[in-house]
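Below is one structure; the comments refer to it alone.
Residue numbers begin at 1 in each chain, while the letters A, B, ... track the order of the sequences. Side chains included, hydrogens not; waters and symmetry mates left out as well; all remaining heavy atoms used. These figures come from a predicted structure and were not determined experimentally.
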Protein chains: 2
Amino acid sequence: MDEEKILTPAHEDYVKAIYMLYSRGVEVTNSALANQLKVAPASATNMVKKLSDLGLVTYEPYQSIALTPAGELVALEVLRHHRLLELYLHDKLNLPWEMVHEEAERLEHVLSEALEDAIAAALGNPTVDPHGDPIPTKDGKVESVAGLALSLAELKHPYTIVRVLLQDAERLIYLGAMQLYPNATVTVLKRAPFDGPLLIEVDGEHHALAHDLAECIIVK
Amino acid sequence: MDEEKILTPAHEDYVKAIYMLYSRGVEVTNSALANQLKVAPASATNMVKKLSDLGLVTYEPYQSIALTPAGELVALEVLRHHRLLELYLHDKLNLPWEMVHEEAERLEHVLSEALEDAIAAALGNPTVDPHGDPIPTKDGKVESVAGLALSLAELKHPYTIVRVLLQDAERLIYLGAMQLYPNATVTVLKRAPFDGPLLIEVDGEHHALAHDLAECIIVK
DNA sequence: ACCGCGGAATAGGCATGGCTAAATCTTAAC
DNA sequence: GTTAAGATTTAGCCATGCCTATTCCGCGGT
Ligand SMILES: [Mn+2]
Ligand SMILES: [Mn+2]
Ligand SMILES: [Mn+2]
Ligand SMILES: [Mn+2]
């Protein structure tokens, strides 16, 4: 019934990328996938066909790509590894939040079930990673994080950051310098027109925040 | 001066295997290497030639193989990763000592310098792993562990275990059941002739221990 | 209905790291 | 000194995953 598992890191990264695109509401085209993974379009076509043979994605030439239930389970398992690792590296080994993504990107593929469990236990079975991204459960459930983008927040009203939708190290360092971490309290004081920057207050300090960055900060 | 680093996990495992054989006093022949890594002799020949091109081993056809100073540094770096990981998994994540080797075998290849440092710091810059194997320093020094095999120990004299020269999970479980861990106190009560089993006392219990296992237990 | 353009699939290569089978070298025994 | 066994190397293959260049679809605009 359940298929053999001979998935390489490449398989896992493709499946995860398909899941990420899909969950972000992007249509999963061959080029979107190739772009996400920084590979040539031909490489993506090639791997998608293999994943189709493995029963992990549905694929018809020239159609957009989707995960099968089996594929989604694989994606969620890898994502669970990734986010557990990010949180562990951040909380227990004190790596800064801008470093954990890259590190977890490699470690996620070599985690045994036993080590996954040990890490989850050591963290007290957490539900979100250092960026506020939800950690899938072992049986493949993810809770969606409720909230709105800081760019849409009401003025002069304190909000709590629940998630930061970025992995780029440079930008995370920049946000970190302003203490814009999950659980921080932030207030939008002014909003410039034409999608201009926001004047915000965090930790008693005022900062100007670009609109595209504010869109990545989810608050409640 | 110093070469580019584009070493794959395969390169690292070969270099480490050469180091292990050499340090165990075994002549590093092609077949010993192939045997150690569970690959065909032709595969070993092939990789050894690549390592020679990379300046990591000295190689002449039909001669025995040796690491160059550069190769030895690579081996010690990988070994440091391996043993730090073993200790971390054992002490901080409570994995049993028979599981840590296999886990570290994969993780050792994807450890960044920053994570290596964080792990070493979290452990207080330790010098030995859960099997008593010495952990190389960052600049590539290993202290040799002094001691003698339990099979050669004086009778009725308490010794402290300092090292267990095994990675095989089955045997480690067996020894663990008798509390034969590093730092345990063990006394040899009798020794059967013709390399027969030893009667030992650990933790107030008496056990018969096969001679070949006793040879793997280093005491002081 | 036709065209053309961009996206997608194919064709053909390359590097890596395995393998088996067939030479070939070493060495130890006679 | 020959010779044969065993170790080693070579030759030739294969799967994986990536690439570039080329061909092929399919759709929107005319
Ligand atoms: Mn990855
Ligand atoms: Mn994250
Ligand atoms: Mn390894
Ligand atoms: Mn060890």
Side-chain angles (χ1 to χ4, degrees), chain A residues 3-18 21-22 26-67 71 74-75 78 105-106 108-110, chain B residues 3-22 26-67 71 74-75 78 105-106 108-110:
Chain A
E3 295 82 39
E4 304 303 316
K5 271 191 187 182
I6 23 153
L7 299 183
T8 64
H11 291 128
E12 295 184 346
D13 279 337
Y14 273 90
V15 168
K16 193 178 63 162
I18 293 168
L21 288 172
Y22 173 77
V26 179
E27 192 194 353
V28 187
T29 61
N30 193 270
S31 46
L33 184 55
N35 183 60
Q36 171 91 358
L37 288 164
K38 310 274 176 67
V39 297
S43 306
T45 304
N46 187 46
M47 182 59 92
V48 166
K49 275 198 260 185
K50 287 185 200 167
L51 294 176
S52 174
D53 291 344
L54 289 168
L56 300 177
V57 310
T58 57
Y59 164 73
E60 289 300 324
Y62 300 101
Q63 305 292 123
S64 64
I65 300 153
L67 292 177
V74 170
V78 180
E105 199 58 54
R106 299 186 309 270
E108 61 189 0
H109 308 293
V110 297
Chain B
E3 295 82 40
E4 304 303 316
K5 271 192 189 181
I6 21 156
L7 299 183
T8 65
H11 290 128
E12 294 183 346
D13 279 339
Y14 273 90
V15 167
K16 193 178 61 162
I18 294 168
Y19 179 88
M20 297 299 274
L21 288 172
Y22 173 77
V26 179
E27 191 194 354
V28 187
T29 61
N30 192 270
S31 46
L33 185 54
N35 183 59
Q36 170 91 0
L37 288 165
K38 311 272 177 67
V39 296
S43 305
T45 304
N46 186 46
M47 181 58 92
V48 166
K49 276 197 259 184
K50 287 184 200 168
L51 293 175
S52 174
D53 292 344
L54 287 168
L56 300 177
V57 309
T58 56
Y59 165 73
E60 290 299 325
Y62 299 100
Q63 305 293 124
S64 62
I65 299 152
L67 291 177
V74 170
V78 179
E105 199 58 53
R106 299 186 309 270
E108 63 189 359
H109 308 292
V110 295

With heavy atoms under 4.0 Å as the rule, sort B:Ala44 into base, sugar-phosphate or nothing. nothing
Using only side-chain N and O atoms of A:Lys49, determine if any of them is under 4.0 Å from OP1 or OP2 of C:dT10. yes
Value in whole Å for how far the P atom of D:dT16 lies from CD of A:Glu12: 15 Å
d(CD, A:Glu27; P, D:dC27) in whole Å: 12 Å
Would you check if A:Glu108 and A:Asp13 make a side-chain contact, meaning some heavy-atom pair closer than 4.5 Å? yes
Closest of D:dA11, C:dA8, D:dG17 to the A:Thr8 side chain is D:dG17
Once you apply a heavy-atom cut-off of 4.0 Å, does B:Ala10 come out as touching a base, just sugar-phosphate, or nothing? sugar-phosphate
Protein-nucleotide distance (A:Leu33, atom CG; D:dC18, atom C1'), rounded to Å: 14 Å
Residue-phosphate contact under 4.0 Å: A:His11 side-chain N/O, D:dG17 OP1/OP2: yes
Going by side chain to side chain contact (heavy atoms under 4.5 Å, CB included), A:Leu21 matches just one of A:Val28, A:Thr29, A:Ile65, A:Asn35. Which one? A:Val28
Between B:Lys50 and C:dT16, is there a side-chain N or O to OP1/OP2 distance below 4.0 Å? no
Nucleotide nearest B:Val39 (side chain, heavy atoms from C-beta), chosen from C:dC19, D:dG17, C:dT26: C:dC19
With respect to the phosphate group of D:dC18, does any side-chain polar atom (N or O) of A:Tyr14 fall under 4.0 Å of OP1 or OP2? yes
Gap between atom CG of B:Leu37 and atom CE of B:Met20 - 0.5 Å precision: 11.0 Å
How would you label the contact of B:Ser43 with the nucleic acid (heavy atoms, under 4.0 Å): base, sugar-phosphate, or nothing? base
Counting any heavy atom closer than 4.0 Å, what does B:Pro61 reach on the DNA or RNA strands: base, sugar-phosphate only, or nothing? sugar-phosphate
More than 12 heavy atoms of other groups within 6.0 Å of A:Tyr22 OH: no
Nearest whole Å is fine: how far is C:dT10 C1' from A:Tyr59 OH? 10 Å
Spacing of B:Leu51 atom CG relative to C:dG17 atom P, expressed in whole Å: 10 Å
Value in whole Å for how far the P atom of C:dG18 lies from CG of B:Asn30: 13 Å
Protein-nucleotide distance (B:Met47, atom CE; C:dC19, atom C1'), rounded to Å: 14 Å
Minimum-distance nucleotide (side-chain atoms of A:Asn46 versus D:dA7, D:dC18, D:dT10): D:dC18
Taking OP1 and OP2 of D:dT10, is either one under 4.0 Å from a side-chain nitrogen or oxygen of B:Thr45? no
Hey, which of these two, A:Pro41 or A:Pro9, hits DNA chain D nearer its 5' end, going by closest nucleotide? A:Pro9
Should B:Ser31 be listed as having a side-chain N or O under 4.0 Å from OP1 or OP2 of D:dT8? yes
Interatomic distance where CD belongs to B:Glu60 and P belongs to C:dC25 [whole Å]: 15 Å
In the structure I gave you, are the side-chain heavy atoms of A:Leu56 and A:Leu7 within less than 4.5 Å of one another anywhere? yes
Look up atom OG in A:Ser64 and atom CG in A:Leu33, then write down how far apart they are to the nearest 0.5 Å. 11.5 Å
